[in-house]
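Since the structure is predicted, the reported quantities are computational estimates derived from the model, not experimental observations.
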Amino acid sequence: MSTGGKKSEGQPPKAKSAPAQGPSRMVRIVASIVLAFHVFVLFLYPLANSRTSDTMLRIANWGGLRWYAEPLYLHHGHGFFGPDPGPSFTVEYTVEDADGKVIKEGSLPDLKEHWPRLLYHRYKMLADQVETPNPLIEERRPFILQRYAQQLVRQYDGERATVTEKFRELVPREQWLGNPDENIKGRSLTDVTLDREIMRITQTRADVDAADARLLGDAEEAPTPERPLSQPEPIGIPQ
């Protein structure tokens with residue numbers, strides 16, 4: 001009596017397919033060593049900054065690592081000015097007409113006006129340019145601020161323009177590590193009490209005309225910019 005379908009007779013069983021062969025053990029070991037070395041280099045250079053030990057710096061500067069890190073550009077450190085970002089410089093300006101009425105005021109840069117971010121960065125670089133050393137200019141700060149003020153007079157057809165360079169004083173790392181509640185809590189990066197004035201210069205229409213005449217060769221010397229109205233304590237100000 002049949003109890004089910006007939007089993008096929010005389011047919012050999014199907015052979016099982018062999019599992020796919022991966023890399024050999026030696027290849028996996030070598031690949032793991034190379035990957036571990038790469039990850040080690042990635043973490044080494046961000047850790048090798050001025051706050052770490054001399055041993056870490058010596059390891060990072062060892063030629064056996066630099067030959068690998070430098071061609072792949074892995075030695076930049078991703079520091080982004082940390083752990084102590086420097087001061088942020090801004091240039092505030094006011095343009096007045098002959099009656100003393102303000103016709104334009106603002107700052108370089110201005111987050112609300114200068115958009116998109118790339119345009120904001122361009123104006124931020126104008127503010128930072130005041131502090132950029134130049135071996136051809138002895139008094140770079142008044143030299144550049146004077147020309148910013150003159151350009152504002154030309155651009156907005158004003159009678160005078162006043163520019164003020166400021167920097168935002170960030171709390172030093174040593175202070176907030178020692179007393180974080182007093183120095184950090186409740187304070188914002190936009191807190192105006194962090195601003196410190198460096199220099200203020202005013203240029204008039206007559207100053208602009210004299211500067212233009214000098215460029216044309218009709219004047220021997222351009223007018224001297226006004227001295228700063230105040231001399232704040234130069235903490236954190238590059239000289």
Side-chain angles (χ1 to χ4, degrees), residues 19-91 108-109 111 116-141 144 165-185 187-191 194-196 198 233-239:
Q21 295 293 330
S24 65
R25 178 183 296 271
M26 182 57 67
V27 172
R28 294 198 300 270
I29 291 175
V30 172
S32 299
I33 293 175
V34 172
L35 181 60
F37 175 76
H38 185 81
V39 174
F40 167 74
V41 174
L42 285 177
F43 279 90
L44 172 64
Y45 285 92
L47 294 175
N49 54 53
S50 59
R51 296 289 180 180
T52 57
S53 65
D54 293 337
T55 302
M56 186 71 72
L57 292 175
R58 285 195 296 268
I59 294 175
N61 290 326
W62 179 50
L65 292 176
R66 294 179 61 182
W67 70 267
Y68 178 80
E70 291 183 2
L72 297 179
Y73 195 56
L74 302 177
H75 62 297
H76 44 68
H78 299 286
F80 300 110
F81 308 104
D84 288 330
S88 177
F89 295 95
T90 58
V91 176
L108 305 175
L111 188 59
R117 187 69 178 182
L118 181 59
L119 181 61
Y120 175 88
H121 184 262
R122 295 291 181 92
Y123 283 97
K124 180 68 173 68
M125 294 301 295
L126 287 177
D128 292 339
Q129 185 71 23
V130 181
E131 296 298 327
T132 302
N134 190 327
L136 301 178
I137 305 175
E138 295 182 0
E139 297 290 338
R140 67 181 185 278
R141 188 177 292 128
I144 296 177
E165 184 192 10
K166 294 184 177 181
F167 80 102
R168 181 147 296 173
E169 182 183 11
L170 301 181
V171 179
R173 180 174 183 267
E174 290 76 9
Q175 291 186 24
W176 64 259
L177 283 179
N179 195 350
D181 292 335
E182 179 180 355
N183 293 284
I184 294 296
K185 186 176 181 180
R187 304 191 74 177
S188 170
L189 290 177
T190 59
D191 188 352
L194 298 174
D195 289 341
R196 296 175 62 87
I198 302 177
E233 184 181 356
I235 300 177
I237 304 175
Q239 298 296 330

Heavy-atom side-chain contact between [X] and [Y] under 4.5 Å:
X	Y	answer
E165	T90	no
F167	I198	yes
R196	K166	no
L126	V91	no
K124	L108	no
F37	L65	yes
R140	V130	no
R117	L111	yes

Parallel, tilted or perpendicular for H38 and Y68, by the 30°/60° rule?
-> perpendicular
CZ-CE distance between R58 and M56, expressed to the nearest 0.5 angstrom = 11.0 Å
Quick one: CD on E131 to CD1 on I144, what's the gap to the nearest 0.5 Å?
-> 8.5 Å
Between Y120 (side chain) and P109 (backbone), is there a donor-acceptor pair under 3.5 Å?
-> no
More than 12 foreign heavy atoms under 6.0 Å from CZ of R122: is that the case here?
-> no
Scanning both residues in full, the closest heavy-atom pair of Y45 with A60 reads OH-O, 2.8 Å
